[in-house]
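This structure is a prediction, so every number in the text was calculated from the model and none was measured. Here is how names work: the chains are called A, B, and so on, in the same order as the sequence lines, proteins then strands, and each is numbered from 1.
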Amino acid sequence: MPELPDVELFRQILEKHGLGKKIVGVDVSDARILGKLTSRDFTHRLVGKKLVEARRHGKHLLAKIESDGWLTLHFGMTGGLEAFAGQEAAPPYSRVSLDFVSGGHLAYTNRRMIGRVGLTPDADAFIAEEKLGPDALGGEFTLARLQKAAAVSRRDVKSFLMAQEIVAGIGNIYADEILFQTRLHPNTLTSAMTPQQLEALYRAIGTVLKAAIKAGAGAEQFGERAPKGFLLPERKKGGHCPRCRTTLALLKSGGRTGYFCPRCQTETRT
DNA sequence: CGTTATGTTCGATG
DNA sequence: GCATCGAACATAAC
């Protein structure tokens, strides 16, 4: 479930359960998640250290290791981060877990193994290497920046929103929600959008993501808690527009399925 | 059994 | 160069 709001909640979990406590053990139950890094090297770099800072950029979570670089976490489509107590068993699909001196643990879970856990010397350099644009909720993502990017891009607005090098943190689900709130058709070309539309888009990015974090995100369970007027709970086959009750339309692109209201979100292409 | 899935990357193609 | 499409990755859940 990890798009920006989900990863932000993981960041809060990490902050609450993983900072300032000495790591006394590391359990790598599936080393594939580490890529080329060996579990031995990974473990040796963490044991005996503390995590001292939790930072998020887009869909990436970074934890500063006491005087030794950063731990990096990316969640793919099915990843997560969970804290669990001493005697409890690790959660399902746990791939890496950290054991703290307090007896608590933190587990990185990932059913489909699409995702990465790694180490990097420097957080800013890592963000640059990953070619990540400004975080969607960060101060560097200004309206002016969005306007400039939209003017030169030849993409449609949905793939624009999901392009991490343009703005980091938005995926398929929240792109649909943001476009719904802005009443924009997913295929609208950003270069053809009016200043008013771009401003509305910019505002919706902030309000949607913040509302999702506040509501506790977590796409599946999110249904009940979704803010009023959100598309999300209806975002399924046969779902209805929260505004006009029209049956939602589906649109496939790049192997992804998008949902939108064919009546409220009108085509503005060409 | 077939389809689909919250992400990203790579190669082919337009 | 740029954009889009499908496939691939790995593993369920429906």
As its Watson-Crick or G-U partner within any shown strand, both distances under 3.5 Å, dC2(C) has dG14(B)
Contact class for [X] (heavy atom, under 4.0 Å): base, sugar-phosphate, or nothing?
X	value
Y93(A)	sugar-phosphate
R111(A)	base
G171(A)	sugar-phosphate

Below 4.0 Å: OP1/OP2 of [N] and any side-chain N or O of [X]:
X	N	result
K59(A)	dT8(B)	yes
T257(A)	dA5(B)	yes
H74(A)	dG7(B)	no

Under a 3.5 Å threshold, yes or no: a donor from one side chain and an acceptor from the other, between D135(A) and H57(A)? no
If you measure from the C1' atom in dC9(C) to the same atom in dC1(B), how many Å do you get, rounded?
22 Å
I'd like the P distance from dT3(B) over to dA7(C), given in whole Å.
12 Å
Note to self: Closer than 3.5 angstrom, by distance alone: can the side chain of Y202(A) be matched with the main-chain N or O of F141(A) as a donor-acceptor pair?
What the structure shows: yes
Roughly how many Å is it from [atom1] in [X] to [atom2] in [N], rounded to a whole number?
X	N	atom1	atom2	result
I173(A)	dT8(B)	CD1	P	13 Å
I114(A)	dC10(B)	CD1	P	15 Å
L161(A)	dA3(C)	CG	C1'	16 Å
K158(A)	dG7(B)	NZ	C1'	13 Å
I33(A)	dG7(B)	CD1	P	15 Å

**Asked** How far apart are the C-alpha atoms of D30(A) and R32(A), what are their side-chain angles, what is the distance that settles it, and do they pass the salt bridge (Lys or Arg N to Asp or Glu O under 4.0 Å) test?
**Response** CA-CA 6 Å; D30(A) 196 326; R32(A) 287 175 300 172; 2.6 Å; yes
Rounding to 0.5 Å, atoms CZ (R183(A)) and CG (L201(A)) come to a distance of 14.5 Å
One should read off an interatomic distance between T257(A) OG1 and R235(A) CZ, to the nearest 0.5 angstrom, of 7.5 Å
By nearest-heavy-atom nucleotide on DNA chain C, the more 5' of V152(A) and G255(A) is V152(A)
Walking DNA chain C from its 5' end, the first of R256(A) and S159(A) to be reached, judged by nearest nucleotide, is S159(A)
